[in-house]
Colleague: 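Encoded as structure tokens, here's the structure I'll be asking about.
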There are 2 protein chains.
Amino acid sequence: MKKTRLEIEEAVPALKLLGDKARLTILGMLKNGECCVCEFTEVLEMSQPSVSQHLRKLRDAKIVKEDRRGQWVFYSLNESYEAYDLVLGVIDHVSDQSEKIAELERQGKRIECK
Amino acid sequence: MKKTRLEIEEAVPALKLLGDKARLTILGMLKNGECCVCEFTEVLEMSQPSVSQHLRKLRDAKIVKEDRRGQWVFYSLNESYEAYDLVLGVIDHVSDQSEKIAELERQGKRIECK
DNA sequence: TACTTATATAATTATATGATTATATAATGG
DNA sequence: CCATTATATAATCATATAATTATATAAGTA
């Protein structure tokens with residue numbers, strides 16, 4: 001794991017955002033690559049506006065970046081984020097979320113976004 | 001760095017507590033060994049009750065443990081905490097707080113606790 | 001153009017959080 | 001026992017946060 005040292009003031013906003021079930025799950029999903037918004041709403045079983053607002057916070061903080069492709073918006077981890085190493089480190093400590101995405105795949109719910 | 005995988009539900013409460021300037025500083029200070037409450041209040045420049053309440057949260061969550069010695073209470077990281085590896089990992093990403101303790105030492109403000 | 005799907009935003013409201021002030025407890029020294 | 005020092009707790013209040021509902025935007029399609 002990398003050793004980029006952050007000032008407390010830089011780390012706190014990132015950690016504040018990580019300390020939420022929805023957002024930590026989102027980031028866990030993104031560890032395996034980009035996801036589209038509809039996948040988050042499926043996995044999180046939350047309303048679309050709620051997911052959208054969590055994404056906005058992560059986006060405003062530069063933790064994730066978005067990429068609109070037609071109707072869909074895909075999110076991914078922003079490797080240029082100052083606390084990227086910290087975020088990755090934390091994600092590495094939580095259980096893999098890829099199973100949840102695989103589950104979507106099985107249910108054919110991932111196709112819709114592609 | 002260790003690889004204890006936590007469920008999202010276990011990691012979130014820890015991260016919530018880490019996402020605060022006072023508490024993250026406290027944990028950064030504890031990385032170098034135990035500290036007594038008066039040291040936290042000095043370094044953080046916060047009121048004693050405020051510090052005490054942050055310590056309570058960390059204690060309730062089992063992130064730190066306390067050890068009363070006479071008039072003073074010393075805190076240290078709880079190595080048995082389920083998310084200890086996560087906490088250590090995060091602390092390793094923030095700048096060293098030992099300088100602040102050294103500064104106390106220079107000002108003779110650390111002696112009072114010993 | 002109208003309709004649909006995907007996503008974002010805004011307003012509202014309920015709950016959580018943190019700081020302050022006052023007070024309580026616990027240990028120590030006269 | 002009383003006073004002092006260190007720490008904890010409780011009550012209050014202001015602010016932050018998250019979910020919901022309604023609405024807006026943006027892209028695709030008939």
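The basis for the numbers below is simple: all heavy atoms, side chains too, and nothing from hydrogens, waters or symmetry mates. No experiment lies behind these values; they were computed from the predicted model shown. So that the names make sense, note that chain A is the first sequence line, chain B the second, and so on, each numbered from 1.
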Colleague: In whole Å, I'd like the distance from the CZ atom of A:Arg68 to the C1' atom of D:dA27.
Modeller: 7 Å

Colleague: On DNA chain D, compare the nucleotides closest to A:Gln71 and A:Gly19; which residue's is nearer the 5' end?
Modeller: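 Checking each residue's closest nucleotide, the 5'-ward one belongs to A:Gly19.
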
Colleague: So, does A:His54 get its side chain near the phosphate of D:dT17, meaning an N or O under 4.0 Å from OP1 or OP2?
Modeller: no

Colleague: May I ask you to evaluate whether B:Arg59 reaches the phosphate of D:dT9, defined as a side-chain N or O under 4.0 Å from OP1 or OP2?
Modeller: yes

Colleague: When the distance from CG of A:Leu24 to P of D:dT17 is rounded to whole Å, what number comes out?
Modeller: 17 Å

Colleague: More than 12 foreign heavy atoms under 6.0 Å from NZ of A:Lys31: is that the case here?
Modeller: yes

Colleague: Distance from A:Ile26 atom CD1 to A:Leu44 atom CG, nearest 0.5 Å?
Modeller: 5.0 Å

Colleague: Send over the distance from A:Leu18 CG to D:dA18 P, rounded to a whole Å.
Modeller: 12 Å

Colleague: Can you find a side chain N or O atom of B:Tyr75 that sits less than 4.0 Å from OP1 or OP2 on D:dA8?
Modeller: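 Looking at the OP1 and OP2 atoms of D:dA8, one of them is under 4.0 Å from a side-chain N or O of B:Tyr75.
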
Colleague: Does the C:dT20 base have a donor-acceptor partner in the side chain of B:Gln48 within less than 3.5 Å?
Modeller: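 A donor-acceptor contact between them is absent.
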
Colleague: Looking at side-chain heavy atoms only, is the closest gap between A:Ser52 and A:His54 below 4.5 Å?
Modeller: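 Side-chain contact under 4.5 Å: no.
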
Colleague: Can you find a side chain N or O atom of A:Arg56 that sits less than 4.0 Å from OP1 or OP2 on D:dT17?
Modeller: no

Colleague: Between C:dA16 atom C1' and B:Leu15 atom CG, what is the distance in whole Å?
Modeller: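 So the two atoms are 17 Å apart, to the nearest Å.
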
Colleague: What does B:Lys57 touch in the nucleic acid at a heavy-atom separation under 4.0 angstrom: a base, only the sugar-phosphate, or nothing?
Modeller: sugar-phosphate

Colleague: When you check the phosphate oxygens OP1 and OP2 of C:dG18, does a side-chain N or O of B:Ser50 lie under 4.0 Å from one of them?
Modeller: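 Looking at the OP1 and OP2 atoms of C:dG18, neither is under 4.0 Å from any side-chain N or O of B:Ser50.
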
Colleague: So what does A:Lys16 touch, heavy atoms closer than 4.0 Å: a base, only the sugar-phosphate, or nothing?
Modeller: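 If one applies the 4.0 Å heavy-atom cut-off, A:Lys16 turns out to touch the sugar-phosphate alone, with no base involved.
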
Colleague: What is the separation between atom CD on B:Glu42 and atom P on D:dT5, rounded to the nearest whole Å?
Modeller: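 So the CD-P distance, B:Glu42 to D:dT5, works out to 15 Å.
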
Colleague: Starting the side chain at C-beta, find the nucleotide from C:dA19, D:dA8, D:dA18 nearest to A:Asp20.
Modeller: D:dA18

Colleague: Once you round it to whole Å, what is the distance between C1' of D:dA19 and CD of A:Glu45?
Modeller: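 Distance check: A:Glu45 CD to D:dA19 C1' gives 16 Å.
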
Colleague: Report yes if a donor N or O on one partner sits less than 3.5 Å from an acceptor N or O on the other, where the partners are the side chain of A:Gln53 and the base of D:dT20; otherwise report no.
Modeller: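 Yes.
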
Colleague: Between D:dA8, C:dT20, D:dA18, which nucleotide gets closest to the side-chain atoms of B:Leu55?
Modeller: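 In terms of side-chain proximity for B:Leu55, the closest of D:dA8, C:dT20, D:dA18 is D:dA8.
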
Colleague: If you only use heavy atoms from C-beta on, which nucleotide in D:dT7, C:dA27, C:dA8 is closest to the side chain of B:Trp72?
Modeller: D:dT7

Colleague: Starting from P on C:dA27, measure out to CZ on B:Phe74 and report it in whole angstrom.
Modeller: 15 Å

Colleague: Do B:Arg59 and B:Tyr75 meet the cation-pi criteria used here (NZ or CZ under 6.0 Å from the six-membered ring centre, within 45° of the axis)?
Modeller: no

Colleague: Can you see if the side chain of A:Ser47 gets near the phosphate of D:dA19 - specifically, an N or O under 4.0 Å from OP1 or OP2?
Modeller: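 The answer is no; no side-chain N or O of A:Ser47 sits under 4.0 Å from OP1 or OP2.
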
Colleague: Do A:Arg106 and A:Glu103 meet the salt-bridge criterion of a basic N to acidic O distance under 4.0 Å?
Modeller: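 Salt bridge flag = yes for A:Arg106 with A:Glu103.
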
Colleague: Please work out if A:Phe40 contacts a base, only the sugar-phosphate, or nothing of the nucleic acid, heavy-atom cut-off 4.0 Å.
Modeller: nothing

Colleague: Could you tell me if the side chain of A:Leu17 sits less than 4.5 Å from the side chain of A:Val87, heavy atoms only?
Modeller: no

Colleague: In this structure, how many angstroms lie between the P atom of D:dA16 and the CZ atom of A:Arg23, rounded?
Modeller: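 Spelled out: CZ on A:Arg23 to P on D:dA16 is 15 Å.
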
